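See structure below.
Below, all heavy atoms of this structure are taken into account, side chains as well, without hydrogens, waters or symmetry copies. When a residue number appears, it is its place in the shown sequence, counting from 1. All values reported here derive from a predicted model rather than from experimental measurement.
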Amino acid sequence: MKRFGLILMSAVLTQMSIARPILNLNGRSNGPRVDRRAGQFANTCEPASQSVDLDVNNVRTKLLNGGDMWWDLNNPKYEIPKVTDPNSVRKHSLFAGAIWIGGRDNGGSLKLAAMTYRQRGSDFWPGPLDTTTAATDPVRCKLYDKMWKVTRDELEEFENSKYLTQSTGIRDWPAGRQRAVLYGNEANYLAPYKEITPDGVYDPFAGEHPVLDDRRPSIENGVDKQPDMFIWWVYNDKGNIHSETQGQPIGVEVQTTAFAFSTNDEVNNMTFYGSKIINRGFTTLKDCYMGQWVDADLGNYADDYVGCDVGRGLGFCYNGDDDDEGVLGYGLNPPTIGVDYFEGPTDSAGNQMGLSHYMYYNNDSDPVRGNPGEAIEFYNLLQGKWLGGQNVTYGGTGFGGSKPAKYMFPGDTDPAYPTDPWTEKIAGNKPGDRRFIQSTGPFTLRPGQTQRITVGVVWARTTSGGASGSLNLLKLASDKAQTLFNNNFKILDGPNAPDIEIQELEQELVMKFLNTNSSKIENYVEKYRDATNKVRTYKFEGYLVYQLKDGTVSTSDLDNVDKDRK
């Protein structure tokens, strides 16, 4: 269901599949690693096997339940704009993404979990962990090798039927201590839901149903305040050896919800991801870092630049020139894609630490700026360092200078160097195949502690301003996404439309607007936080009535004088 803003209106090639090689560090084999510790592990879960499309708006992307997303294990699957014609060439703006976590125990040993491309194996497996032992086993992993998907339309139908019409997603939602999937000592409360009867038992027949966030359990005016589509899954890092990174297991359980809204503005080009990260283990991690890793391939992956806007918490990828060439490319005036880092880990006082580092590397075997291979190299990137642990320096290539830097290519947004802008173009870099990491740390992660990471993917494209024009639009889209986050992802729907009676006369229509004094129409007032978290007040201003050329005119055509007039 398409959502609209504050304006009230009345109105009648074949897909290309190309797998890109991932170049390993120092020519290491792409095959699975043999770990001599394997015999020491009783947990032998199989890798996650499920995937679901998030495809309710202008984006169609594939999500996996093994800690990675935006790809199908071979090809990029972040299609935007979404096409329905099977003969159309599909353009993709992201290749893959994952959450990385790392820290040191009291003895100084590194514990780390991360995912990239599963070429060497996995660090994450399906399902939650036992709350008593922080362990899992193949049976639990297999039972939870699933993803649960719900749409707002399903929730509305559920509500209108007085809870009798239940989609599979609503009926089997893994919530409460009695649910369709339940193995043993995993947490009673997993997927968030609206609890009507406070007994810990999920009962859809009583009106209990899935919600976006357990910090936002209540629903104003019914289920219509939920996203248009959301997907939930859970995974852990104790199901088997960490063959991706060779890191030592931590004992973390990650519960993720992906969601999107169908609207008539920039939000229609966005997707969002909230992850709840729980330390089920018994080890305190010091110098802990968590972050969002992104392989952002913007159409043609070989000619990209990356950068960040520190104040916005925005990491982005843009084209190296104004033409994204090739069959995979977007062509002239290419778009820009970014990841808004809304929420990350908190400090010991519960305060948001924000974006601590923004780091990048290339898809090559360079020992400084290439792909990570071992756990310490993943950890160094999380700390905003090069693979070998060298500190980033401001300006140029980011290596070998004298001024320390936390953020790569921040333009003029680094508060430490506001008058000395630094971008890939300024540095004279050759465009290429980039990845980046947005991270927070250091902090201490204690047993039983929960941290969260919430990000949003934003996308923008100019019609005439080239790559820089798209980047400027992306920052405006980022502000809109931040506004949405600041309001707990509550869409500002605006006033309801009135009931209208129309009397047809000779060359004249008499329109009678009914129930206009309702508090939801002409007396409409709503407070909303903007991107800077300042409270704004929105009030009803008036009606817009359009005369359309014919019944084919859509809302996207409004203000086109050839198709409609006010």
Side-chain angles (χ1 to χ4, degrees), residues 57-61 70 76 78-83 88-95 97 260 263-272 292 294-341 358 360 407-413 421-436 438 455-484 531 556:
N57 55 19
N58 198 34
V59 180
R60 179 188 290 112
T61 186
W70 306 330
Y78 198 93
E79 177 189 333
I80 181 171
K82 180 178 68 179
V83 300
S88 297
V89 176
R90 302 177 188 272
K91 306 295 184 182
H92 301 270
S93 292
L94 293 172
F95 189 94
T263 69
N264 66 339
D265 61 3
E266 297 93 334
V267 178
N268 203 49
N269 293 325
M270 300 178 187
T271 58
F272 302 93
Q292 177 69 52
V294 179
D295 181 356
D297 287 356
L298 192 64
N300 176 7
Y301 60 80
D303 61 352
D304 292 341
Y305 280 145
V306 294
C308 70
D309 187 305
V310 176
R312 288 182 167 91
L314 175 69
F316 51 78
C317 176
Y318 60 106
N319 210 62
D321 57 30
D322 293 337
D323 185 9
D324 189 31
E325 303 90 350
V327 66
L328 299 177
Y330 280 95
L332 294 173
N333 300 305
T336 298
I337 195 159
V339 176
D340 263 310
Y341 194 80
Y358 175 87
Y360 97 109
Y407 311 100
M408 295 288 299
F409 310 127
D412 59 0
T413 69
W422 178 31
T423 68
E424 289 218 64
K425 279 193 174 182
I426 291 173
N429 285 359
K430 181 180 177 181
D433 188 4
R434 307 280 197 260
R435 295 100 170 81
F436 63 80
Q438 297 156 279
V455 300
V457 179
V458 294
W459 186 92
R461 186 174 191 176
T462 185
T463 57
S464 60
S468 60
S470 292
L471 182 54
N472 291 334
L473 289 178
L474 185 81
K475 293 181 179 182
L476 296 178
S478 170
D479 291 342
K480 194 145 196 173
Q482 184 67 53
T483 297
L484 196 55
S556 62

Practice item. Test E79 against every option in H92, R60, K91 by the side-chain hydrogen bond (donor to acceptor under 3.5 Å, both in side chains) rule and name the one that passes. Key: R60

Review point. Do E424 and R434 pass the side chain to side chain contact (heavy atoms under 4.5 Å, CB included) test, and can you show the C-alpha distance, the side-chain angles, and the key distance before you say yes or no?
Key: CA-CA 11 Å; E424 289 218 64; R434 307 280 197 260; 2.8 Å; yes

Point to revise | Gap between atom OH of Y318 and atom NZ of K425 - 0.5 Å precision | key: 6.5 Å

Review point. Any sub-3.5 Å donor-acceptor pair from D324's side-chain atoms to G331's backbone N or O?
Key: no

Check your understanding: What's the spacing between N472 CG and T336 OG1 if we round to 0.5 Å?
Key -> 8.5 Å

Check your understanding: What residues, two or more places apart in sequence or in another chain, satisfy salt bridge (charged side-chain N to carboxylate O under 4.0 Å, His left out) together with D309?
Key -> R312, K475

Review point. What residue among F436, Y341, W422 forms ring pair (Phe, Tyr, Trp, His ring centres under 6.0 Å) with Y358?
Key: F436

Review point. Any idea which heavy atoms bring P335 and S470 closest together, and the distance?
Key: CA-OG, 3.8 Å

Revision key, fill the gap. Nearest heavy-atom approach of T263 to D265 is OG1-OD1, 2.6 Å

Point to revise | Working for side chain to side chain contact (heavy atoms under 4.5 Å, CB included), residues V267 and L484 | key: CA-CA 9 Å; V267 178; L484 196 55; 4.1 Å; yes

Review point. Just checking, is any N or O donor in the side chain of S93 or W459 under 3.5 Å from an acceptor N or O on the other one?
Key: yes

Practice item. Please round to the nearest 0.5 Å and tell me the distance separating atom OH of Y360 and atom OH of Y305. Key: 10.5 Å

Point to revise | Distance, nearest 0.5 Å, that separates OG of S88 from NZ of K82 | key: 13.5 Å

Point to revise | Heavy-atom side-chain proximity of V458 to L314 below 4.5 angstrom | key: yes

Check your understanding: Checking side chain to side chain contact (heavy atoms under 4.5 Å, CB included) for the pair L94/V457: CA distance, chi angles, key distance, verdict?
Key -> CA-CA 10 Å; L94 293 172; V457 179; 3.9 Å; yes

Revision key, fill the gap. P410 and V310 have their tightest heavy-atom pair at CB-CG2, 4.0 Å

Point to revise | Near-ring test F95/Y301, centroid separation under 6.0 angstrom | key: no

Revision key, fill the gap. The residue among P431, P334, C317 that forms side-chain contact (heavy atoms from CB on, under 4.5 Å) with D304 is C317

**Study point:** Heavy-atom donor-acceptor pair, D297 side chain to G299 backbone, under 3.5 Å
**Key:** no

Revision key, fill the gap. Separation between CG (L332) and CG (D322), nearest 0.5 Å, reads 8.5 Å

**Study point:** Ion pair check, R435 and D295, cut-off under 4.0 Å
**Key:** yes

Revision key, fill the gap. Tightest non-hydrogen contact, residues C308 and Y407, listed as SG-CB, 3.9 Å

Review point. For the side chain of Q292 and the backbone of V455, is there at least one donor-acceptor N/O pair under 3.5 Å apart?
Key: no

Point to revise | side chain to side chain contact (heavy atoms under 4.5 Å, CB included) between Q438 and V339, worked out | key: CA-CA 9 Å; Q438 297 156 279; V339 176; 3.5 Å; yes

**Study point:** Shortest non-hydrogen separation from A296 to I337 and the atoms involved
**Key:** CB-CG2, 4.4 Å

Practice item. Compute whether any side-chain donor of one residue and acceptor of the other, for T462 and N333, lie under 3.5 angstrom apart. Key: no

Revision key, fill the gap. Value for CG (L474) from CD (E266), rounded to nearest 0.5 Å, stands at 10.5 Å

Point to revise | Backbone N/O of N268 and side chain of N57: donor-acceptor pair under 3.5 Å | key: yes

Check your understanding: Who are the side chain to side chain donor-acceptor pair (under 3.5 Å) partners of D321, not counting sequence neighbours?
Key -> N319

Check your understanding: Strictly by modelled atom types, are Y78 and T271 linked by a side-chain donor-acceptor pair under 3.5 Å?
Key -> yes

Check your understanding: Does the side chain of N58 pick up a donor-acceptor pair with the side chain of N269 at under 3.5 Å?
Key -> yes

